[in-house]
Participant: 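Handing you this structure, nothing more for now.
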Amino acid sequence: MSAPFSISAELVAEHNAQLEGAITEDYDALKRALARRGIDAEALAQKVAAFGVAIPTWGVGTGGTRFARFPGQGEPRNVFEKIDDCAVIQQLGRATPTISPHFPWDKVDDYAALREQAASHGLAFDAVNSNTFQDQPGQELSYKFGSLSHTDARVRARAIAHNVECIEVGRKLGSKALTVWIADGSNFAGQSNLTKALDRYIDATREIVAALPADWRVFLEHKLYEPAFYSTVISDWGTSFAAAQELGPKAYCLVDLGHHAPNVNIEQIVARLVRFNKLAGFHFNDSKYGDDDLDSGSVEPFRLFLVFNELIDAERRKAEGFAPAYMIDQSHNVTDPIESLMQSAIELQRAYAQALIVDRGALEAAQETNDALGAHLELKRAFTTDVSPLLAVARMRAGGAIAPIAAYRASGYRARKARERPAVGGTSSGIV
Ligand code: RM4
Ligand code: MN
Ligand code: MN
């Protein structure tokens, strides 16, 4: 069998050669504009180049809704092919050097081989995600009525064992964190004892924490609703925070941007979690109504910027223990996932760069003197600055493509994969 198609460095170089003149002109203009504001564009470009966000393995396959999934052409059929797609995202975009795997979806016999394959593309593994929200074929103890908080101790033990197994796999992959999201909850008032369910969750998770290696962390992910629609056990950041407090210094709270009540002030939640040294990091995505898992920055870029504004604030004042993990968690139902993920990483870099150019001194002065509009305009000045040329130049210097989606389309990657990866099975519903 011939080696799978990959995009050549020459193609990227040719693509860049066509665009380099124009982008350099735009970058030089931006550089001058930033210099007038006392901002060193070169230093900013270096920070942007060092920014990295993990790609979720489940994100490179076409997603779906509970109604249907419309598979794309040449989808990855296993985790090795998923890694090939992650490699393309990193090759062209240069903002996604890590992969966040999901088990048992990504289960293989040989994890050394998986790690090696990723490393051959210059990729490493970030947090491993456990899955106790669906049953596997032949599973006797069902998760239908919960996992870590299940009323039946045997089901809880199974869910604990799965998480411990994820830690073991993660160790083999070089990961340092386990993300635990449970679908546990109830659909009817009275169905579940709200207090006992949380007690069972905390007790079960304590056993997972006990299995963590010394340099590992566990990320608790809350979610307001879905698939449970009346209550969820870890419903909000308050519950997550309280659980993390009880679980001790290895437990942190993960913020998935789509998992909050409508209109909630997510950036303030981020600030609070930083304040109490319990911010694990993020599952980035965007949403209009709920856990929509839309592309990062596609609906509310200002909110994304405000989240990064809090992160830069924390970084600058050297907040204790501040080391957030950045991961994308999206479902690509109508786009080519590779394109969506490249663009999403750019949107995250954009928010990061814009937050970095906020004039912190001026902002603080306005805040201290209660100049409400003045403070707001400091943020707006940064947010309305078009940093695109700087992002493109940082990408180009790192060996990526000036316009990743255009280069990707020109490469014919997806059409080649459609031939190399004939579809397996029929259509299905479900998130992946
Ligand atoms: C959940 C949650 C988890 C993700 C699954 C696929 O809503 O966001 O992080 O692993 O979806
Ligand atoms: Mn998530
Ligand atoms: Mn979600």
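For ligands, and for the atoms within them, numbers begin at 1 and follow the listed sequence. In what follows, every heavy atom counts, from backbone to side chain, and hydrogens, waters and symmetry copies are set aside.
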Participant: Do you see a donor-acceptor pair shorter than 3.5 Å between the side chains of S296 and D286?
Facilitator: no
Participant: Please determine if the Mn ion (ligand 2) has an N/O/S atom from E221 lying under 2.8 Å away.
Facilitator: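 Of the N, O and S atoms in E221, at least one lies under 2.8 Å from the Mn ion (ligand 2), which means yes.
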Participant: Please determine if N129 has a nitrogen or oxygen closer than 3.5 Å to a nitrogen or oxygen of ligand 1.
Facilitator: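 Between N129 and ligand 1, no N or O pair is found under 3.5 Å apart.
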Participant: I'd like to know whether the aromatic ring centres of Y225 and Y230 sit less than 6.0 Å apart in this structure.
Facilitator: no
Participant: Any donor and acceptor pair, going by atom type alone, linking the side chain of R303 with main-chain N or O of I266 inside 3.5 Å?
Facilitator: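 Answer holds: no.
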Participant: Of all N/O/S atoms in D256, which lies nearest to the Mn ion (ligand 2)?
Facilitator: OD2
Participant: I'd like to know if the side chain of S388 pairs up with that of R350 as donor and acceptor (distance under 3.5 Å, no hydrogens or angles considered).
Facilitator: yes
Participant: For atom 4 (C) of ligand 1, which candidate among D329, N285, I182, D291 provides the closest heavy atom?
Facilitator: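 It is D329 whose heavy atom sits nearest to atom 4 (C) of ligand 1.
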Participant: May I ask you to list the atoms of ligand 1 that are less than 4.0 angstrom from any heavy atom of H283?
Facilitator: 9 (O)
Participant: In ligand 1, which numbered atoms sit nearer than 4.0 Å to a non-hydrogen atom of D256?
Facilitator: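 Listed by number with element: 8 (O).
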Participant: Let me check your reading of the structure: within less than 2.8 Å of the Mn ion (ligand 2), is there an N/O/S atom from H259?
Facilitator: no
Participant: D291: which N/O/S atom is nearest the Mn ion (ligand 3)?
Facilitator: OD2
Participant: Report the C-alpha separation of F284 and F308 in whole Å, then their side-chain angles, then the decisive distance to 0.1 Å, and conclude whether the ring pair (Phe, Tyr, Trp, His ring centres under 6.0 Å) test is met.
Facilitator: CA-CA 11 Å; F284 288 115; F308 273 95; 5.6 Å; yes
Participant: Record the part of E226 in heavy-atom contact with ligand 1 below 4.0 Å; permitted values are side chain, backbone, both and neither.
Facilitator: neither
Participant: Tell me whether K380 forms a cation-pi arrangement with F302, defined as NZ or CZ under 6.0 Å from the six-membered ring centre and within 45 degrees of its axis.
Facilitator: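 Yes; both conditions hold, so K380 lies above the ring face of F302.
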Participant: Without hydrogens or angle criteria, can the side chains of Y408 and D336 be said to hold a donor-acceptor pair below 3.5 Å?
Facilitator: yes
Participant: Taking a cutoff of less than 4.0 Å between a non-hydrogen atom of the residue and any ligand atom, is H102 in contact with ligand 1?
Facilitator: yes
Participant: Report the name of the N/O/S atom of D329 located nearest to the Mn ion (ligand 2).
Facilitator: OD2
Participant: Between W181 and Y201, is the ring centroid distance below 6.0 Å?
Facilitator: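 Here the rings of Y201 and W181 have centres that are no less than 6.0 Å from each other.
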Participant: Could you tell me, atom by atom, which parts of ligand 1 come under 4.0 Å of a heavy atom of H259?
Facilitator: 2 (C), 7 (O), 8 (O)
Participant: Has K278 got its NZ or CZ under 6.0 Å from the middle of the six-membered ring of F241, at an angle within 45 degrees of the ring axis?
Facilitator: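 Not flagged: K278 not positioned over aromatic ring of F241.
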Participant: Among the N, O or S atoms that H283 has, which is closest to the Mn ion (ligand 2)?
Facilitator: ND1
